[in-house]
Amino acid sequence: MVSLFSQYAHAGTYYYGAGFKSCEMWLSDLYIYKSDNYNNAINSCEVRSNYAVNMEWVNGFISAHGWKKDWDNDAELDQRAFVTKYCKENPLDNIHDAAQALVK
């Protein structure tokens with residue numbers, strides 16, 4: 001049987017999708033997304049999609065954990081900054097680990 005979703009065992013739980021991706025991939029997707037060159041790349045839609053999927057996964061994780069911040073227009077940028085800082089400091093971890101640290 002082949003699964004269409006990535007899954008990873010973590011402390012007796014499973015998670016799917018972008019949460020399984022490494023922090024190195026988060027940083028790579030974000031760097032390309034923010035660079036001026038992505039507009040000229042053949043795969044610019046894929047790059048934009050990669051970043052969007054990563055960020056939506058983090059937002060879903062936060063929502064599922066009932067974590068609340070005083071929301072403003074910069075809330076998503078704050079979350080992105082936290083995950084990015086975490087990933088720079090822990091490149092061998094994955095997006096799930098960064099999101100978990102955010103909600104603690």
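If you're wondering where the values come from, they're calculated on a predicted model, not measured in any experiment.
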Rounded distance [0.5 Å steps], [atom1] in [X] versus [atom2] in [Y]:
| X | Y | atom1 | atom2 | answer |
| --- | --- | --- | --- | --- |
| His65 | Lys104 | NE2 | NZ | 9.5 Å |
| Cys23 | Ile95 | SG | CD1 | 7.0 Å |
| Ser22 | Asn94 | OG | CG | 8.0 Å |

Under the side-chain contact (heavy atoms from CB on, under 4.5 Å) test, residues paired with [X] that sit two or more places apart:
| X | value |
| --- | --- |
| Glu56 | Asn59 |
| Ala18 | Lys21, Val53, Asn54, Trp57 |
| Ala101 | Phe82, Tyr86 |

In sequence, state the C-alpha distance, the side-chain angles, and the governing distance for Ile62 and Leu102, and then conclude on side chain to side chain contact (heavy atoms under 4.5 Å, CB included). CA-CA 8 Å; Ile62 290 167; Leu102 176 61; 3.3 Å; yes

Are any of the side-chain heavy atoms of Met25 and Phe20 separated by less than 4.5 Å?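 Side-chain contact under 4.5 Å: no.
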
Salt bridge (Lys or Arg N to Asp or Glu O under 4.0 Å) against Lys85, all qualifying residues, sequence neighbours excluded: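 Per chain and number, Lys85 pairs via salt bridge (Lys or Arg N to Asp or Glu O under 4.0 Å) with Glu89.
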
Within the 6.0 Å centroid threshold, strictly below: His96 and Phe61: yes

List the atom of Ala98, the atom of Cys87, and the distance in Å for their closest heavy-atom pair. CB-SG, 4.3 Å

In chain order, what residues pass the side-chain hydrogen bond (donor to acceptor under 3.5 Å, both in side chains) check against Thr84, with sequence neighbours excluded? Trp26

